[in-house]
Amino acid sequence: RGVSSALRSEPYSLRQVRQRAAWWGFGTVALGSALMSMAASTSWLPTKPPFWAFTALLHVAWVGVTAQTFGHIGNYYDLTVGNTGLLMGVGNTIATIPSALSPLMVAHTVHNLGPEEGWPRVMQILGAVAVCVGWVYSKVVEVDVVDGTDEAMKRPRRDASAASKGSHVI
């Protein structure tokens with residue numbers, strides 16, 4: 001059993017495996033965020049939750065962040081061989097946008113609503129974004145090389161043991 005036997009059993013295509021991994025990961029982020037929002041909204045709790053509860057919930061969300069990477073396995077060679085550098089530059093630039101906007105959104109939300117209402121709202125926004133991104137990603141994920149360079153993947157590669165002898169392995 002396990003992941004490798006599941007992939008070999010072929011009930012799902014590689015695309016379906018990536019879709020499900022992304023959904024599982026983004027869903028776990030959304031769940032952790034929703035639980036943090038509920039824990040931070042102390043109006044429904046008799047006492048404020050201990051700090052370790054938030055730490056545990058952050059770990060739940062982090063498991064989701066880690067798991068969602070199995071949905072895309074950031075390998076640019078999966079998509080292109082001839083334009084890997086360009087795709088990496090564009091992809092990393094786009095991936096930096098949330099890193100720049102998130103602190104601004106958190107600061108604005110917590111400042112305007114105050115910490116008692118602001119932090120639960122931040123967690124709600126995070127959960128909503130995770131669900132939206134998971135849905136969009138599952139619709140657009142591909143597993144085929146898109147620039148027609150499948151043949152380039154078959155060119156000779158140097159084997160590490162053969163590299164010292166100067167020979168190529170095909």
Side-chain angles (χ1 to χ4, degrees), residues 2-4 6-7 9-45 48-49 51-81 83-147:
V3 174
S4 25
L7 290 174
S9 65
E10 296 188 31
Y12 303 110
S13 69
L14 181 57
R15 183 171 193 254
Q16 290 171 322
V17 169
R18 288 189 178 184
Q19 287 172 322
R20 283 169 174 78
W23 261 119
W24 187 83
F26 285 117
T28 304
V29 170
L31 174 66
S33 300
L35 293 173
M36 281 188 282
S37 173
M38 290 173 60
S41 300
T42 57
S43 61
W44 65 278
L45 293 172
K48 188 171 182 173
F51 72 91
W52 57 263
F54 290 98
T55 303
L57 294 173
L58 281 170
H59 283 288
V60 169
W62 191 252
V63 165
V65 168
T66 304
Q68 63 87 18
T69 61
F70 292 112
H72 54 81
I73 309 170
N75 184 353
Y76 293 106
Y77 284 111
D78 283 350
L79 299 174
T80 179
V81 175
N83 299 304
T84 305
L86 175 66
L87 185 61
M88 187 178 300
V90 171
N92 288 346
T93 300
I94 292 171
T96 303
I97 293 171
S99 300
L101 296 181
S102 296
L104 298 173
M105 183 273 301
V106 170
H108 177 77
T109 304
V110 173
H111 176 73
N112 287 336
L113 297 177
E116 293 296 321
E117 291 180 44
W119 282 110
R121 182 66 49 91
V122 166
M123 295 303 135
Q124 293 164 1
I125 293 168
L126 178 63
V129 167
V131 169
C132 292
V133 168
W135 182 80
V136 169
Y137 182 80
S138 71
K139 297 297 181 189
V140 300
V141 64
E142 288 295 333
V143 294
D144 298 321
V145 177
V146 296
D147 66 0

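The minimum heavy-atom distance linking Val60 with Gly32 is given by the pair CG1-CA, 3.9 Å. The shortest non-hydrogen separation linking Ser99 to Ala95 is OG-O, 4.0 Å. Across every non-hydrogen atom of Pro98 and Pro103, the tightest pair is O-CD, 4.4 Å. When every heavy atom of Ala61 is checked against every heavy atom of Val29, the shortest pair comes out as O-CG2, 3.4 Å. Contact detail for Ser37 and Pro120: the closest heavy-atom pair is OG-O, 3.2 Å. Between Trp23 and Trp135, the shortest heavy-atom contact is CZ2-CA, 3.3 Å.
Take Leu57 and apply the side chain to side chain contact (heavy atoms under 4.5 Å, CB included) test, not counting sequence neighbours, and it matches Leu35, Met36, Ala39. Every side chain to side chain contact (heavy atoms under 4.5 Å, CB included) that Ala53 has, sequence neighbours left out, goes to Pro49, Pro50. Every residue two or more places apart in sequence or in another chain that forms a side chain to side chain contact (heavy atoms under 4.5 Å, CB included) with Val90 is listed here: Leu86, Ile94. Taking the side chain to side chain contact (heavy atoms under 4.5 Å, CB included) definition, one finds that Val106 meets it with Val110, Trp119, Val122, sequence neighbours left out.
For residues 103-112, every residue pair satisfying the side chain to side chain donor-acceptor pair (under 3.5 Å) rule, not counting sequence neighbours, is listed here: His108-Asn112.
Judged by distance alone, with hydrogens and angles left aside, the side-chain atoms of Thr28 form a donor-acceptor pair with the main-chain N or O of Trp24 at under 3.5 Å.
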